[in-house]
**Q** 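Can you keep this structure in mind? I'll have questions shortly.
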Amino acid sequence: MNAPESKRAFRYVGTRPVRPDGVEKVTGKAIYGPDYQAANMLHGAILRSPHAHARVRSIDTKKAEALTGVKAVVTGADFPTTEHIIMAVGESSSDLVHLSRNCMAQDKVLYDGHAVAAVAATSDEIAREALDLIEVDYEVLPHVLGIEEALADDAPVLHDDVFTKGVNPTPDKPSNAAMRVEMGKGDPEKAMADADVTVSGRYTCEAVHQGYIEPHACVSAWDSDGQVRIWASSQGHFAVRSLTAKILLISEADIRVTPLEIGGGFGGKTTIYLEPVATLLSKKSGRPVRLAMSRAEVFRASGPAPGAVIDITMGANKDGMITAVDMEFKYHAGAYPAITAHSGASSALSHYTIENSRVIGWEVLCNRPGTKAYRAPGAPQSIYAVECALDEIAEKLGMDKIEIRLKNAARPGDPNIMGIPQGEIGYVECLEAARDHPHWSAPLGPNQGRGIAGGAWGNYGGPSTAQVSIAEDGTVLVTTGSPDIGGSRAAMAMMAAETLQVPYEKVRVAIADTSSIGYSMVTGGSRTTFATGLAVTNASNEIIENLKGRAANIWEVNASEVAWGEEGAVCLAEGKTDETMSLAALAARTTFMVGAIGAESSVNPGGFLPGVGVHICDTEVDPETGHAKVVRYTAIQDVGQPIHPDYVEGQMQGGAVQGIGWALNEAYLYNDKGCLDNPGFLDYRMPVASDVPMIDTVMVEKFNPGHPYGIKGVGEVPIVPPLGAVACSVSEAAGVRMRDLPLTPDRVHEAMHPDD
Amino acid sequence: MSKIHVTTTINGDESEFLCTPGETLLDALRNRLGLTGSKEGCGSGDCGACTVVMDGQMVCSCLVLAAEAQGTTIDTVEGVAEGSELHPVQQKFLERGALQCGFCTPGFIVASKALLDHNPDPSETEIRYWLAGNLCRCTGYDKIVRAVQDAAAELRQERTPA
């Protein structure tokens with residue numbers, strides 16, 4: 001059941017046209033990262049550490065260099081020394097030295113799969129043969145994988161220059177506790193002591209991979225004048241440019257990054273792994289070099305979302321008002337410090353109004369790949385524990401699980417945990433939509449359980465640039481710097497068509513390289529339709545003003561006496577009200593008369609609003625095997641004004657199924673040597689079509705007054721509620737509270753049959 | 001390394017290429033014939049992004065040796081549309097918004113067409129199990145399944161004389 005089409009007076013916004021890049025994607029013509037070829041290109045390959053933690057004593061590349069067909073070999077020694085500066089990476093940030101060393105290890109390898117050397121050769125076979133000829137002398141060090149183990153006093157310490165941030169005074173001893181954050185308000189200790197009912201529990205979830213189907217790939221070509229061209233698929237080619245430039249000490253104007261089509265990212269392609277390596281190989285060989293990861297390399301060496309250990313105590317009065325929350329969570333950082341704990345803490349309680357709270361978060365280093373953004377980074381884990389605790393409180397009080405959420409729901413104007421008032425959020429409307437949905441009242445079958453969970457994510461604005469120009473025949477060209485990862489070209493075309501009042505089919509959208517348009521932040525943070533869409537709208541409005549001026553000149557009236565509508569310029573001046581001039585007629589004068597029609601807009605908008613959602617999940621548990629299957633699922637979300645509802649629903653459905661995978665199946669399996677035993681899709685089990693039902697969606701359309709088209713970011717929220725919704729559903733079906741994800745058959749079976 | 005000469009029919013056209021003994025059909029299609037519509041998501045037969053039809057049988061081209069293509073007939077995503085006319089499966093994927101990033105889409109298009117060639121009226125469960133060898137991380141499969149249902153309905157209508 002979908003909400004009816006938008007009732008607002010929009011012509012294109014809220015409709016479902018075919019996306020402008022659709023045909024090339026259903027016919028196999030679109031060129032993705034691994035598809036691009038440059039003339040005279042070499043093939044690169046990367047040698048990766050077989051150890052989870054080791055000191056690199058020496059690397060001998062002589063034999064590899066001597067192999068016929070090998071044109072360049074690169075190791076960490078070829079990377080320039082960089083300074084410890086903090087670089088923006090998507091919604092997060094990283095130390096430049098760590099970014100560089102993650103591309104290629106220098107003195108130490110920190111995880112199984114860490115890059116240690118790279119080769120470029122005339123063929124892929126020769127490049128791989130050359131890898132076998134590189135001799136690396138490792139001093140294997142003790143490793144640590146688990147969060148609690150990494151915090152133990154005798155744990156091997158990954159970095160001797162990481163001292164816990166956020167602790168006063170800063171410790172004088174390095175440790176794996178990279179960061180501590182604390183947020184809160186009121187007096188949680190007193191409130192907890194006064195509570196009528198309390199629940200406590202430890203919840204855990206595993207690190208999971210973003211699981212995009214396209215492995216990382218790029219081609220880089222360094223010319224002898226120092227200019228570099230890079231073709232890569234990423235969520236942000238400006239990020240590829242700036243990170244590569246800073247790591248290799250190249251000026252940004254000398255790097256031109258062309259965005260290729262991107263085969264999924266979910267946050268995991270907001271950083272760089274290959275581009276600096278390919279660029280150094282190209283510099284050494286004088287030829288373009290392609291680097292592409294295999295699936296095993298993607299799993300071993302690219303960023304997962306953090307696993308977590310979360311302790312939570314929640315107190316409520318007998319009416320179901322949550323009076324106190326005290327929680328402490330610890331997230332995997334992986335091999336390098338991350339800041340996900342910050343968003344984990346700020347998100348945890350943001351959809352509820354709770355007077356007394358304390359949320360403490362830790363980032364913990366361990367010998368796994370450095371964690372990266374994955375859809376609402378940090379929020380699914382902490383909110384999973386909050387939603388499950390709320391479920392337990394409701395059970396203790398015998399209260400309806402939607403009623404208890406409605407009682408505590410944050411409403412517009414309520415302050416969040418940092419004291420900032422919430423904007424026009426629609427959490428209450430989402431909960432009401434859940435209560436009214438037939439799913440909520442449908443009977444359950446035998447061995448079935450129903451779970452419900454809410455969730456929120458702050459969303460973002462961020463810098464975007466867009467150009468709009470009018471071709472000589474009056475058709476419209478929109479150019480942005482935002483890679484299209486899930487249909488955003490369609491949304492841009494629709495907003496331009498709506499603003500300019502021209503047919504959707506007359507608008508075409510291109511995504512320009514870094515030298516052809518101004519800076520745009522990554523496609524991430526649920527920001528592209530919101531922020532880049534605002535830039536497109538602003539540029540379109542500027543064009544309308546320009547066109548009105550042109551018509552005014554022709555009619556010899558003031559520009560204020562010209563209006564703009566579907567028919568084009570319309571004269572309002574007395575005696576000339578019959579005059580109209582179409583966009584095509586105005587554009588036809590471009591060549592000889594008045595010059596090009598175009599406008600550019602660069603924005604960095606505030607006005608973004610948090611996204612909130614509520615998911616309902618039914619599972620059926622097989623008591624003999626412990627296998628849990630999702631049999632019905634409904635995702636409800638405040639989406640603001642949907643521009644293209646198909647792609648809004650698609651975000652909700654895709655995020656929900658990723659969350660189902662996180663809750664039921666997905667986990668890394670490391671062996672006792674610290675090496676990944678399941679670096680492939682067979683054993684790292686993401687949901688397939690037969691694992692899931694249809695994902696019903698309800699779009700709650702609460703217009704964002706801070707955007708001309710009322711947009712709220714929608715991409716990230718949908719992965720937040722599923723962990724709690726699935727866990728509560730399985731707990732009900734199994735008749736026992738399940739607190740450790742994933743809910744694999746063996747775990748569920750053991751919980752159901754503790755005496756077996 | 002000496003190369004093997006392979007003659008095959010791809011999307012109706014006679015085609016020949018040289019390959020190494022260990023080369024996969026997927027690599028030959030992509031790197032020797034420029035047919036980059038078939039994608040490599042895993043290289044181990046788990047994601048289905050490289051799905052092609054070989055002598056009427058749906059296969060992961062990453063699990064087939066290029067040399068095995070000798071004398072066979074192969075259909076790839078590039079051959080699904082008839083000239084510039086899209087196949088109903090392709091058209092319904094567009095109309096339903098059944099793709100987001102589009103990287104898995106070629107494999108789904110080939111597999112869905114193969115399903116409907118084989119079973120013109122599949123149930124939702126049959127569609128889900130037939131496509132269980134194709135991974136999509138973006139869509140959650142909902143719109144893909146609906147697109148296949150729509151395409152099946154349209155093809156049945158086309159086949160039924162008015």
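Every heavy atom of this structure was used, including side-chain atoms; hydrogens, water molecules and symmetry mates were not.
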**Q** Heavy-atom pairs under 4.5 Å with chain B: which of A/G22, A/P215, A/A30 has the most?
**A**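 The option with the most such pairs is A/P215.
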
**Q** If you count heavy-atom pairs within less than 4.5 Å of chain B, which of A/F299, A/Y647, A/Y212 leads?
**A**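 Among the listed options, the one with the most contacts to chain B is A/Y647.
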
**Q** If the test is side chain to side chain contact (heavy atoms under 4.5 Å, CB included), which one of B/I109, B/V80, B/T105, B/L86 qualifies with A/T27?
**A** B/L86

**Q** With a 4.5 angstrom heavy-atom cut-off, which part of B/E124 approaches chain A: side chain, backbone, both or neither?
**A** side chain

**Q** Looking at B/A132, B/G41, B/P106, B/A49, which makes the most heavy-atom pairs under 4.5 Å with chain A?
**A** B/G41

**Q** How long is the gap from CD1 on A/I695 to NZ on B/K143, to the nearest 0.5 Å?
**A** 11.5 Å

**Q** Check whether B/Y141 gets within reach of chain A through its side chain, its backbone, both or neither, counting any heavy atom under 4.5 Å.
**A** side chain

**Q** Using a 3.5 Å distance criterion without hydrogens, assess whether the side chain of B/R137 forms a donor-acceptor pair with backbone atoms of A/Q210.
**A** yes

**Q** Apply side chain to side chain contact (heavy atoms under 4.5 Å, CB included) to the pair A/R19 and B/L99, showing each step before the final yes or no.
**A** CA-CA 10 Å; A/R19 60 197 276 174; B/L99 62 151; 3.8 Å; yes

**Q** Looking at A/I262, A/D484, A/D124, which one has more heavy-atom pairs under 4.5 Å with chain B than the rest?
**A** A/I262

**Q** Identify which part of A/V26 has an atom lying under 4.5 Å from any heavy atom of chain B, answering side chain, backbone, both or neither.
**A**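 It is both, since atoms from each part get that close.
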
**Q** Using a strict cut-off of less than 4.0 Å between a Lys/Arg side-chain nitrogen and an Asp/Glu carboxylate oxygen, indicate whether A/E649 and B/R146 qualify as a salt bridge.
**A**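 Salt bridge: no.
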
**Q** Can you tell me which of A/M652, A/K25, A/E214, A/K29 forms the most heavy-atom pairs within a distance under 4.5 Å of chain B?
**A**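 Greatest number of close heavy-atom pairs with chain B: A/E214.
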
**Q** Between B/L135 and chain A, with a heavy-atom cut-off of 4.5 Å, which part of the residue counts as in contact: side chain, backbone, both or neither?
**A**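 Both the backbone and the side chain of B/L135 come within 4.5 Å of chain A.
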
**Q** Look up atom OG in A/S123 and atom CG in B/N31, then write down how far apart they are to the nearest 0.5 Å.
**A** 11.0 Å

**Q** Is a salt bridge present between A/D691 and B/R128, judged by a nitrogen-to-oxygen distance below 4.0 Å?
**A**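 A salt bridge is absent here (no side-chain N lies under 4.0 Å from a carboxylate O).
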
**Q** Taking atom CG of B/D142 and atom CG of A/D696, what is their separation to the nearest 0.5 Å?
**A** 8.0 Å

**Q** Could you walk me through whether B/K39 and A/E261 pass the salt bridge (charged side-chain N to carboxylate O under 4.0 Å, His left out) check?
**A** CA-CA 13 Å; B/K39 307 298 183 193; A/E261 293 303 328; over 6 Å; no

**Q** Which heavy atom of A/F681 sits nearest a heavy atom of B/D46, and at what distance?
**A**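 Heavy-atom minimum between the residues: CB-CB, 3.6 Å.
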
**Q** Is it the side chain or the backbone of A/A656 that comes within 4.5 Å of chain B heavy atoms, both, or neither?
**A** neither

**Q** Which atoms of A/L682 are under 4.5 Å from chain B, going by heavy atoms: the side chain, the backbone, both sets, or neither?
**A**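 Interface part for A/L682: both.
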
**Q** Would you mind telling me which of A/G654, A/P693, A/A689 has the largest number of heavy-atom pairs within less than 4.5 Å of chain B?
**A**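 Between A/G654, A/P693, A/A689, the count favours A/A689.
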
**Q** Could you check which of B/G102, B/C136, B/G37 has the highest count of heavy-atom pairs closer than 4.5 Å to chain A?
**A** B/G102

**Q** Indicate yes or no: at least one non-hydrogen side-chain atom of A/I485 is less than 4.5 angstrom from one of B/Q100.
**A**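 No - every pair of side-chain heavy atoms lies 4.5 Å or more apart.
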
**Q** Checking heavy atoms, do the side chain of A/V298, its backbone, both or neither come under 4.5 Å from chain B?
**A**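 When you check distances to chain B, no heavy atom of A/V298 falls under 4.5 Å.
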
**Q** So which part of A/Q651 gets closer than 4.5 Å to some heavy atom of chain B, the side chain, the backbone, both or neither?
**A** both

**Q** Check whether any side-chain heavy atom of A/F266 lies under 4.5 Å from a side-chain heavy atom of B/C138, and answer yes or no.
**A**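 Yes, their side chains come closer than 4.5 Å.
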
**Q** Is the shortest heavy-atom distance from the side chain of A/D646 to the side chain of B/E95 under 4.5 Å?
**A**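 No, their side chains stay 4.5 Å or more apart.
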
**Q** Answer whether the closest heavy-atom distance between the side chains of B/C47 and A/R295 falls below 4.5 Å.
**A** no

**Q** With a 6.0 Å cut-off (strictly less than), is the heavy-atom count around OH of A/Y504, excluding the residue itself, greater than 12?
**A**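 Yes.
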
**Q** Which bit of B/T139 is near chain A, if near means a heavy-atom gap under 4.5 Å: side chain, backbone, both or neither?
**A** backbone

**Q** Could B/R30 and A/D35 be called an ion pair, given the rule that one side-chain N must be under 4.0 Å from one carboxylate O?
**A**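 Yes, charged N to carboxylate O under 4.0 Å.
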
**Q** Who wins among A/G487, A/G211, A/G265 for the most heavy-atom pairs under 4.5 Å with chain B?
**A**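 Option with the top pair count is A/G211.
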
**Q** Please classify the contact of A/I31 with chain B as side chain, backbone, both or neither, using a heavy-atom distance under 4.5 Å.
**A**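 For A/I31, the contact with chain B is made by the side chain alone.
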
**Q** Starting at OG1 of B/T36, measure out to OH of A/Y36 and round the result to the nearest 0.5 Å.
**A** 12.5 Å

**Q** Let me know if A/P17 has heavy atoms under 4.5 Å from chain B in its side chain, its backbone, both or neither.
**A** neither

